[in-house]
Structures are given as structure tokens and as C-alpha cells.
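Computed from heavy atoms alone, side chains included, the values below leave out hydrogens, waters and symmetry copies. Numbered from 1 within each chain, the chains take letters A, B, ... in sequence-line order.
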Protein chains: 2
Amino acid sequence: MSPTPQQRRAARHQLATGPVATRRGPAGARKKPITVDLIVDTAFAIVAAEGYDALTMRRLATTLETGPSSLYAHVVNKEDLDELLIGRLCARVALPEPDPATWRDQLVDVCTQLREQYLRYPGISQAAFAAAPTNLDTLRLAEGLLGILLAGGVPPQTAAWAIDALVLYVNAHTLEVSLARRRPARDDDTWVVSRDEVLRRFAALPETYPHTKRHADELTTGTPEDRFAFTVRLMVDGLVGSAQG
Amino acid sequence: MSPTPQQRRAARHQLATGPVATRRGPAGARKKPITVDLIVDTAFAIVAAEGYDALTMRRLATTLETGPSSLYAHVVNKEDLDELLIGRLCARVALPEPDPATWRDQLVDVCTQLREQYLRYPGISQAAFAAAPTNLDTLRLAEGLLGILLAGGVPPQTAAWAIDALVLYVNAHTLEVSLARRRPARDDDTWVVSRDEVLRRFAALPETYPHTKRHADELTTGTPEDRFAFTVRLMVDGLVGSAQG
DNA sequence: GATCGGTGACGAACACCGTTCTACTCCGGA
DNA sequence: TCCGGAGTAGAACGGTGTTCGTCACCGATC
């Protein structure tokens with residue numbers, strides 16, 4: 001059983017897939033035949049170690065000791081690979097049984113898990129922005145969030161749009177954090193390397209920036225985790241007014 | 001007076017720039033010498049017409065009737081160009097005089113303006129994710145938002161993190177909208193082209209997606225503007241509890 | 001006006017990218 | 001055993017950002 005990459009992708013979006021062929025073809029000369037799972041696992045390893053930018057078809061193929069064109073027997077294209085990665089990653093998020101008493105904490109928990117997955121693979125969240133809304137793996141996550149929100153008494157329309165907002169924010173936050181962490185690798189001294197340096201530059205701002213100068217401390221304090229927790233809480237707090245429990 | 005691109009970039013981040021050289025060099029054979037403003041204006045035109053992905057150094061150079069290497073006399077690299085574009089774009093946002101009575105509407109207004117700028121140049125917001133936090137043009141925007149939040153009685157620490165959240169959300173939202181709008185240009189039928197198609201697929205989901213199936217209508221309704229307004233309001237509502245007025 | 005050195009313009013080339021096309025080998029079914 | 005389909009792999013296509021070297025032009029200085 002070996003569906004083509006196009007068929008696999010169609011199945012993920014509940015489209016007709018056509019007949020599935022039996023495996024045939026060379027792999028005898030290879031110690032390990034290339035499979036889509038092997039490609040995905042290898043891709044994750046590269047991203048985890050070197051960031052999403054390091055993930056190229058050539059890099060992937062080299063790591064697998066083959067040529068880049070061999071990958072196209074298993075994935076439609078790079079974008080398809082992105083979708084596989086994001087889907088796999090979303091599948092790792094454990095969805096709690098919705099509880100009306102703790103729905104807010106449950107929301108925070110799911111978002112935090114997703115954040116952790118994205119940060120484990122630096123930069124990968126940029127692939128999530130292009131994801132189509134009908135992939136079964138990512139829909140599972142949305143389904144879980146929807147269940148939690150409904151259990152909390154949030155009206156369906158509000159819940160639907162809140163999912164959109166939360167997921168987008170997690171994407172954006174993790175992308176920014178990943179890009180900022182990548183920055184110190186550059187030897188260019190233009191960029192910021194420390195909070196002290198930012199404070200120095202804020203202090204040197206002209207008088208047209210009075211608030212920034214006065215509150216430089218607050219503007220520069222807080223870890224990425226602090227900011228993430230703040231924002232998710234902010235959104236959840238904003239939902240409380242519309243919840244009926 | 002002609003600072004090098006490296007010097008211009010340093011100035012934007014309040015770093016030492018060194019001596020500025022007098023303009024010298026050929027332009028006699030060209031009807032119009034290349035300047036950084038010309039590069040930026042040309043880049044905006046390309047992005048506005050064809051999206052951010054169409055903006056390559058080669059495309060830009062061809063449009064300017066030169067070779068790509070000529071651009072590097074005026075911009076440090078592509079990333080520098082990104083920064084110039086984002087800075088220019090942020091500079092177009094009109095910042096209101098903070099008003100304690102209408103601070104919430106003012107917040108929504110600034111975010112909406114920024115959204116509009118980003119959507120005018122489809123996909124450009126992805127360049128904003130990599131922006132360093134010390135660019136003077138983008139700091140002006142943060143300064144304006146900070147003024148509004150403080151006028152509304154939001155504590156400085158909350159205000160600082162709220163700016164982070166709002167700006168990130170605007171980036172993410174506009175990027176997603178831009179990518180989704182780009183999708184119909186593809187002739188691949190795997191992707192969604194209409195709400196009806198999404199509804200069809202939601203209806204076809206297995207029983208493990210009960211909430212999604214039941215609330216398919218709410219999940220698929222709402223324009224990008226609706227969703228944007230909802231989320232900004234959600235965050236602003238979340239801030240009300242911490243505001244003292 | 002002549003000279004000089006710095007700057008801007010530009011082509012060639014580098015090192016990379018995603019993907020397609022073609023040829024070949026291997027596999028499983030008949 | 002034969003055949004056709006599937007998988008592997010190299011060559012090549014069309015593209016990317018950037019550097020390097022060369023040349024022409026410009027402005028400051030003498």
C-alpha cells in the first residue's frame with residue numbers, strides 16, 4: 001500500500017483519492033527505503049537542530065543520502081512537506097476533556113502546548129500561516145479548542161472567532177521569538193544583543209518619544225513566556241464578558 | 001551628502017554612523033540616478049501590484065533598468081530593504097492625540113490603519129516579524145500606542161505588553177489574509193476556494209469532530225475585517241479591567 | 001585646468017534554492 | 001518469466017541573494 005503524495009494530501013482534506021497502488025520499485029540498493037515518515041522525521045531533526053531556514057529539499061535529501069528529486073515521490077512539494085510537519089506537530093497537542101469549571105486554564109494549557117511545539121522547531125510556525133483550514137490534523141486542534149470554549153459557555157460565534165485569534169497569536173508569537181533568537185548568530189553589531197543595549201538606545205531617543213523614555217523599564221522587561229501568558233490571559237479575560245458561566 | 005546604506009541603517013537604530021561622504025560616482029549615463037528613495041518607491045509598487053513574493057533584488061533592479069548589484073550601494077541587503085519598507089509604512093499611520101474618553105477607539109483606529117497599510121502591500125507583514133525593536137520609525141508607532149494606553153489609565157507594564165500583543169496580532173492577521181488571498185491563483189483543486197467548499201468538507205468530517213460539524217456555520221462566517229475587529233476588541237476589552245478610568 | 005581618490009553603476013560569478021524531466025532499476029502481480 | 005508501475009537518482013531548468021572586480025564619473029584639492 002503506497003498512496004502517492006498527491007493522494008495523501010487529498011485525503012487530509014477529505015477529497016477523492018483514487019485507487020491506491022501496491023509498492024513496487026527500487027529500494028534494494030538502499031539500506032533503508034525512503035518513506036514519507038522518514039522524510040518528516042528527518043525534517044523535524046534538521047529544524048530542531050538548525051531552525052526552519054535550514055530545511056531545504058537539498059539538505060533533506062543529503063541527510064537521507066539521496067537526491068532531492070527522490071523526495072517528490074513522497075511529498076507533493078515543499079509546501080506539502082510544511083503541511084505534513086505542521087499537522088504532525090499539532091497532533092502532539094494533548095486535548096483535555098472540556099471542563100466548565102476550568103475552561104480558561106484549559107485554553108491557556110492548549111495554547112501553551114502548541115507554543116512549546118512550535119518553539120521546539122525554531123521558525124516552523126511561519127509554515128502554519130499558509131495552512132489551509134481543512135487539514136484534519138489542524139482541525140482536531142480547533143475542535144478541541146471549540147469544545148473547551150463551548151463548555152465555558154462562550155457563544156458559538158464568539159468561540160469560532162476566538163479560536164482564530166488565539167491560533168494566530170500563537171503563530172505570531174513563536175515566529176517572532178524564533179527570529180529574535182536567531183539574531184545573535186550574526187556578527188553585525190547593528191542589532192540588539194541585550195536588554196541593556198535596548199535601554200541605552202531608548203535613553204538616547206529624542207524628546208519626541210517621552211513615554212518610551214519614561215517607561216523603558218516596563219517596555220523591555222518580561223520574558224517571552226511572560227508576554228505570551230499575558231496575551232493569552234488578556235484574550236481569555238476578554239472572553240469572560242461573553243461567557244454565560 | 002550620501003551616507004552609505006550601512007550608515008543609514010545605523011542611524012535608524014541610533015548607532016554611530018561615522019563621517020558622511022560627498023556624492024561622487026557615475027550617474028551621467030542614466031536618466032535618473034538610483035537613490036534609496038527610488039528603490040523603496042519601486043519596491044512598494046512591485047509589492048502593491050504583485051505581492052511581497054514578487055519582490056526580489058533582480059526584479060527590483062530590472063524595473064529600475066540596472067543590475068541587482070547596483071542596489072547594494074544603497075541598501076545593505078534585502079533585509080535592510082525590508083526594514084526600510086516596514087519603517088516607511090509605519091510612518092504613514094496617523095497617531096491621534098491621546099484622549100482618556102476615547103482611548104479604546106483610538107487603539108482600534110491605529111491598529112486598523114496599520115492593518116490597511118499592510119494589506120495594501122500583500123504579504124509584506126512577514127517582513128515585520130524580523131524587525132528589530134529599536135528602529136525609530138516603528139518605535140514612533142509604539143510611542144503613540146503607549147500614549148493612548150497611558151491616557152486610558154492602563155498601568156505602564158500592562159500597556160507595554162499590550163503593545164507587543166496588538167502589533168503581533170496585526171502582523172499575523174494581515175499575513176494570513178494575504179496568503180489566503182494569494183491561494184486562488186493556483187490551479188490545484190486541493191485547496192479551498194469558497195465557504196461552500198469548506199462547509200461541504202466540514203459536513204463530511206467524521207464523528208470525532210462533533211462541535212465543528214454542529215457549528216460549521218459560525219466557524220466559516222465572518223469577513224477578515226469582522227475577525228480583525230473582533231480580536232482587537234477582545235484584547236481591548238481584556239485591558240479594561242486593568243484600566244483605572 | 002589637472003589630478004586624485006572615493007563613490008556609484010554594472011557584469012560575471014558564486015553558492016544556493018525548488019522542481020521537472022529522463023533513464024534506470026526493482027518490485028509485485030499475472 | 002514477463003511486464004508495467006513505482007521508486008531512485010542525476011542532470012538540468014529557472015530562479016534566489018550577494019560578492020567581487022572593473023570602470024566611469026564626480027567633487028575636492030592643488
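- In terms of polar N and O atoms assigned as donor or acceptor, the side chain of B:R58 never comes within less than 3.5 Å of the base of D:dG15 in a complementary pairing.
- B:L60 places its CG atom 12 Å from the P atom of D:dT16, with the value rounded to the nearest Å.
- If you take CD of A:Q7 and P of D:dG7, they are 10 Å apart, rounded to a whole angstrom.
- Of the candidate nucleotides C:dT19, C:dA9, D:dT19, C:dA9 has the atom lying nearest to any side-chain atom of B:I34.
- Atom CG of residue B:L175 and atom CG of residue B:L119 lie 10.0 Å apart, to the nearest 0.5 angstrom.
- Following rounding to the nearest Å, B:D53 (CG) and D:dG14 (P) show an atom-to-atom distance of 21 Å.
- Here the two rings, on A:Y121 and A:F44, have centers that are under 6.0 Å apart.
- One interatomic measurement links the two molecules: CG of A:L71 to P of D:dA6, which rounds to 19 Å at whole-angstrom precision.
- Of the candidate nucleotides C:dG8, C:dC10, D:dT8, C:dG8 has the atom lying nearest to any side-chain atom of B:A73.
- For the pair A:Q6 CD and D:dG7 P, the interatomic distance rounds to 11 Å; values are reported in whole Å.
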Between the protein and nucleotides 21-23 of chain C, which nitrogen or oxygen pairs come in under 3.5 angstrom?
none

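- Applying side chain to side chain contact (heavy atoms under 4.5 Å, CB included) to A:C90 and the options A:N135, A:L136, A:T138 leaves one that passes, A:T138.
- Considering B:L145, B:L114, B:T112 as possible partners of B:V93, the one that fulfils the side chain to side chain contact (heavy atoms under 4.5 Å, CB included) test is B:L114.
- Within the nucleic acid shown, A:T66 comes within 4.0 Å of sugar-phosphate atoms alone, with no base atom in reach, counting heavy atoms only.
- When each of B:R8, B:R9, B:R12 is checked for a side-chain hydrogen bond (donor to acceptor under 3.5 Å, both in side chains) with B:D80, only B:R12 meets the rule.
- Residue B:T56 is in sugar-phosphate contact alone, with no base atom involved, counting any heavy-atom pair closer than 4.0 Å across all strands shown.
- For the OP1/OP2 pair of C:dA9 and a distance below 4.0 Å, the side-chain nitrogens and oxygens of B:H74 include at least one atom meeting the criterion.
- To the nearest angstrom, P of D:dT8 lies 14 Å from CE of A:M57.
- The pair B:E197-B:R200 meets the salt-bridge criterion, since a charged nitrogen lies less than 4.0 angstrom from a carboxylate oxygen.
- A straight line from CZ of A:R59 to C1' of D:dT16 spans 19 Å, rounded to a whole angstrom.
- Look at CD on B:E65: it is 10 Å from P on C:dC10, rounded to the nearest Å.
- The residue among B:P68 and B:T35 whose nearest nucleotide of DNA chain C lies closer to the 5′ end is B:T35.
- Closest to the side chain of B:P33, out of D:dT18, C:dA9, D:dA9, is C:dA9.
- A:S178 and A:Y52 form no side-chain donor-acceptor contact under 3.5 Å, judged by distance and modelled atom types alone.
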